[in-house]
Amino acid sequence: MERIKVKIINDSSHPLPAYETHSSAGMDVRAKLDAPITLKPLERALIPTGLRIQLPQGYECQVRPRSGLALKHGISLVNTPGTIDADYRGEIGIIVINLSNEPYTITDGERIAQLVVKEYVHVAWEPVERLDETVRGDGAFGHTGVN
C-alpha cells in the first residue's frame, strides 16, 4: 500500500485523524468545539476540526459521513463527499446535518466524519461533433428496469 506525506496543523487537543483498522480507507476526524452543539431535526451546522492540511499536487481529500452515525442517529453530511483541494490552507470544517426526527448533540472530540485522500487527474476537453456508440446509448436514470 502506497503512503504519501501530508503536512498537517492540529489546533485542537485531539489526536490527528487516524485509520481505525489496517484496511480502512477513511480516517476519522473529530469535532473541535468550545461547547456542545445540538442539531434539531433537519438542522445543519458547520463543525470546526482545528485541522489544516497541505496536500501534494494531484491529490484531494474527500470528507465523507461515518456510517455508524448515519445508521444509529441519522447524522450525515450535506455535501458528500466534500472536497478539500490541494491549494486550500484554511481550517477543515464539516457540514453536518441531522436527518433524524430527534435532536442530536455533537460534543468536543466526537468523531463526526472521515477523510479519504485520493489521487486525481485533470481533464483536457476535446470538443467533437459526435461520440462513439455503445449498447447503453443515452439511457439514463432507470433505463435498465425497475428491479
Legend entry - Close side-chain approach of Ile106 and Pro36, heavy atoms under 4.5 Å: no

Report, one line per pair, each donor and acceptor closer than 3.5 Å where one atom sits in a side chain of residues 111-125; sequence neighbours left out.
unit_1	atom_1	unit_2	atom_2	d
Arg111	NH1	Asp28	OD2	2.7
Gln114	NE2	Pro65	O	3.0

Inset, instruction - Say whether, by atom type as modelled, one donor and one acceptor occur between the side chain of Ser24 and the main chain of Thr21 under 3.5 angstrom. - result: yes

Inset, instruction - Specify the closest pair of heavy atoms between Leu77 and Thr80, including all atoms of both residues, with the distance to one decimal. - result: O-CG2, 3.8 Å

Inset, instruction - Please name all residues satisfying side-chain hydrogen bond (donor to acceptor under 3.5 Å, both in side chains) with Asp108, sequence neighbours left out, ordered by chain then number. - result: His14

Legend entry - Arg136 side-chain N/O to Glu133 backbone N/O, donor-acceptor pair under 3.5 Å: no

Inset, instruction - Test Val96 against Leu39 for side chain to side chain contact (heavy atoms under 4.5 Å, CB included), laying out the working first. - result: CA-CA 9 Å; Val96 177; Leu39 296 176; 3.8 Å; yes

Legend entry - Between CZ on residue Arg44 and OG on residue Ser76, distance to nearest 0.5 Å: 13.0 Å

Inset, instruction - Might you confirm whether atom CZ of Arg89 has over 12 heavy atoms from other residues, nucleotides or ligands at distances under 6.0 Å? - result: yes

Legend entry - Side-chain touch Ile8/Leu51, heavy atoms, less than 4.5 angstrom: yes

Inset, instruction - For residues 90-105, pull every pair meeting side-chain hydrogen bond (donor to acceptor under 3.5 Å, both in side chains), keeping only residues two or more places apart or in separate chains. - result: Thr38-Thr105, Asn98-Ser100, Tyr104-Glu110

Inset, instruction - For the pair Asn10 (side chain) and Ser12 (backbone), establish whether a donor and an acceptor sit closer than 3.5 Å, ignoring hydrogens and angles. - result: yes

Inset, instruction - Mind jotting down which residue pairs meet the side-chain hydrogen bond (donor to acceptor under 3.5 Å, both in side chains) criterion with at least one end in residues 51-65? Sequence neighbours excluded, please. - result: Glu60-Gln62, Glu60-Thr83, Gln62-Arg64

Inset, instruction - Output the rest of the hydrophobic cluster of Leu46: all Ile, Leu, Val, Met, Phe, Trp and Tyr residues reachable through side-chain heavy-atom contacts under 4.5 Å, sorted by chain and number. - result: Leu42, Val78, Ile95, Ile97, Leu99

Legend entry - Smallest separation among heavy atoms of Pro41 and Pro103, with atom names: CD-N, 4.1 Å

Inset, instruction - State plainly whether one hydrophobic cluster holds both Leu16 and Ile47, where clusters connect Ile, Leu, Val, Met, Phe, Trp and Tyr through side-chain heavy atoms under 4.5 angstrom apart. - result: yes

Inset, instruction - Given side chain to side chain contact (heavy atoms under 4.5 Å, CB included), test Ile4 with Glu2 step by step and report yes or no. - result: CA-CA 7 Å; Ile4 62 166; Glu2 180 185 355; 3.8 Å; yes

Legend entry - Qualifying residues under ring pair (Phe, Tyr, Trp, His ring centres under 6.0 Å), relative to Tyr19, sequence neighbours excluded: none

Inset, instruction - Let me see the working for Ile92 and Ile53 under side chain to side chain contact (heavy atoms under 4.5 Å, CB included), right down to the final yes or no. - result: CA-CA 8 Å; Ile92 296 172; Ile53 60 175; 4.1 Å; yes

